[in-house]
Amino acid sequence: REEQLQEIFKRVVDFTIYYTGGGAKGVMVRRLLLCCIMLALLSPLCLCWAEGVGKTCDEEDARGLILINSACSNTNRRAAIRRTWLSGVSELRPNVVVRFIVGQGCEDGEDGEEGEEGETMMAVPIRDEYRNNILKLLHALKHFHAAVTHGLESFDYVLKADDDSFVNVSELMNLLSSSPRNSHYRGLFFTGKPFRNPSHKNFVSPRCLPLPVLPPFAYGGGFVMSWDLVDYIVRNQNLLENGLIRDKDGDLCCDLDDLQ
């Protein structure tokens with residue numbers, strides 16, 4: 001785009017010099033004509049920049065789904081999010097849908113907690129436990145995938161966050177508007193050895209993962225997937241569910257034989 005503007009500027013200068021001649025009067029006319037032409041050429045770009053806050057004209061607004069993992073008892077955390085980064089999102093970013101994912105037994109608007117934002121709560125029939133976080137996310141993805149399939153919703157990306165995360169929604173959506181719409185996986189990635197200490201909350205038994213290193217994955221506090229990845233996960237849900245097993249300590253893991 002910068003090279004194109006430079007070429008346009010050069011052609012405009014050549015044009016004005018050719019048609020206005022020399023002399024002091026010609027210089028003034030050239031300057032005035034140059035300003036008018038450049039203003040006409042650049043005004044669409046300026047308008048696009050102002051409306052899109054830095055977004056180029058050929059970029060479309062990304063449609064996002066934000067899923068915030070929470071628990072029934074985390075009322076204060078949800079209230080803090082609504083007062084801060086979630087405040088005004090529905091007006092400023094109507095192309096973004098936000099849901100708090102909570103476990104079974106959590107009533108929408110319980111004790112008046114949710115107020116006018118009650119529609120942001122989504123209860124799934126899964127117990128609120130750390131080791132069930134992946135199941136809660138899968139259940140929510142299946143729900144919204146069905147809505148997209150039936151034409152009730154449309155998304156380009158999904159952001160998974162926690163109720164102790166802070167999200168700059170406008171900056172994120174501006175970034176995603178110029179990002180790939182397919183095979184896109186963004187976040188802070190972890191690479192390293194699996195935790196073999198049974199007392200660790202992220203313990204992975206050798207039966208679940210005999211490999212000496214973990215495959216790279218984004219931290220659960222905040223990662224983005226393009227919707228085609230969500231579609232792939234949901235379409236292969238039977239394979240995933242059949243591959244999910246519990247080891248002798250009750251930890252959820254994957255049977256690599258089933259998940260080739």
Side-chain angles (χ1 to χ4, degrees), residues 53 61-148 152-177 179 185-190 200-202 217-227 230 233-234 252:
V53 195
D61 288 334
R63 296 158 296 181
L65 170 65
I66 300 179
L67 299 177
I68 308 169
N69 185 50
S70 188
C72 291
S73 60
N74 292 357
T75 304
N76 291 338
R77 290 188 178 186
R78 291 192 293 274
I81 289 177
R82 290 192 175 94
R83 290 195 305 266
T84 55
W85 63 266
L86 191 55
S87 176
V89 166
S90 59
E91 291 78 19
L92 297 175
R93 291 289 180 174
N95 54 329
V96 174
V97 174
V98 182
R99 292 291 185 273
F100 288 99
I101 310 302
V102 294
Q104 60 187 7
C106 195
E107 298 291 339
D108 288 1
E110 185 177 5
D111 297 329
E113 171 211 343
E114 311 306 334
E116 297 180 356
E117 300 286 354
E119 69 278 3
T120 61
M121 294 283 287
M122 178 181 179
V124 297
I126 299 170
R127 186 176 179 180
D128 273 327
E129 291 183 357
Y130 179 82
R131 63 182 182 178
N132 287 341
N133 284 345
I134 184 64
L135 293 179
K136 290 170 62 179
L137 176 61
L138 285 173
H139 191 95
L141 292 178
K142 288 163 60 177
H143 170 83
F144 283 101
H145 184 270
V148 170
L152 303 177
E153 297 281 6
S154 178
F155 302 110
D156 297 307
Y157 304 95
V158 58
L159 164 69
K160 187 272 177 183
D162 290 335
D163 58 10
D164 57 355
S165 303
F166 186 94
V167 181
N168 189 326
V169 179
S170 292
E171 288 297 324
L172 174 66
M173 299 311 297
N174 286 338
L175 176 67
L176 293 178
S177 291
S179 298
Y185 182 34
R186 178 189 294 268
L188 179 61
F189 281 78
F190 175 86
H200 196 284
K201 67 177 183 179
N202 293 321
F217 65 92
Y219 284 95
F223 65 84
V224 173
M225 293 189 299
S226 53
W227 196 256
V230 175
I233 291 172
V234 174
L252 194 67

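Count residues from 1 along the sequence.
- A tilted orientation is assigned to the rings of Tyr219 and Phe217, their planes being inclined by 30° to 60°.
- For Phe223 against Ala218, the heavy-atom pair with the smallest separation is CB-CB, 3.5 Å.
- With Lys136 contributing its side chain and Ser70 its backbone, the two residues share a donor-acceptor pair below 3.5 Å.
- Between Trp85 and Phe166 the shortest heavy-atom distance is CD1-CD1, 3.5 Å.
- Ionic pairing of Arg77 and Asp162 is not present here: no N-O contact between side-chain nitrogen and carboxylate oxygen is shorter than 4.0 angstrom.
- Nearest approach of Arg78 to Cys72, heavy atoms of both residues: NH2-O, 3.2 Å.
- Note that CE of Met173 is 6.0 Å distant from OG of Ser177, once rounded to the nearest 0.5 Å.
- When every heavy atom of Tyr157 is checked against every heavy atom of Leu176, the shortest pair comes out as OH-O, 3.2 Å.
- Leu135 CG to Ile101 CD1: the interatomic distance, rounded to the nearest 0.5 Å, is 13.0 Å.
- Side-chain contact between Val102 and Met121: present, with at least one pair of heavy atoms (C-beta onward) separated by less than 4.5 Å.
- For the atom pair Phe100 CZ and Leu86 CG, the distance stands at 5.5 Å (nearest 0.5 Å).
- Glu129 is linked by a salt bridge (Lys or Arg N to Asp or Glu O under 4.0 Å) to Arg127, Arg131, counting only residues two or more places apart in sequence or in another chain.
- Between the side chain of Tyr185 and the main chain of Val224, no donor-acceptor pair closer than 3.5 Å is present.
- For the atom pair Arg63 CZ and Arg93 CZ, the distance stands at 14.0 Å (nearest 0.5 Å).
- In this structure, the side chains of Leu65 and Trp227 come closer than 4.5 Å at one or more pairs of heavy atoms.
- For the residue pair Thr120/Arg99, the side-chain donor-acceptor check at 3.5 Å is not satisfied.
- Using a 4.5 Å heavy-atom threshold, the side chains of Leu159 and Met225 count as separate.
- With values rounded to the nearest 0.5 angstrom, Asp163 atom CG is found 7.0 Å from Asn69 atom CG.
- Arg186 and Ser179 share a donor-acceptor pair across their side chains, judged by distance under 3.5 Å alone.
- With rounding to the nearest 0.5 Å, the separation of CG in Leu141 from CD1 in Ile134 is 8.0 Å.
- Minimum interatomic distance between Ala71 and Asp128 (heavy atoms only, all atoms of both residues): CA-OD2, 3.5 Å.
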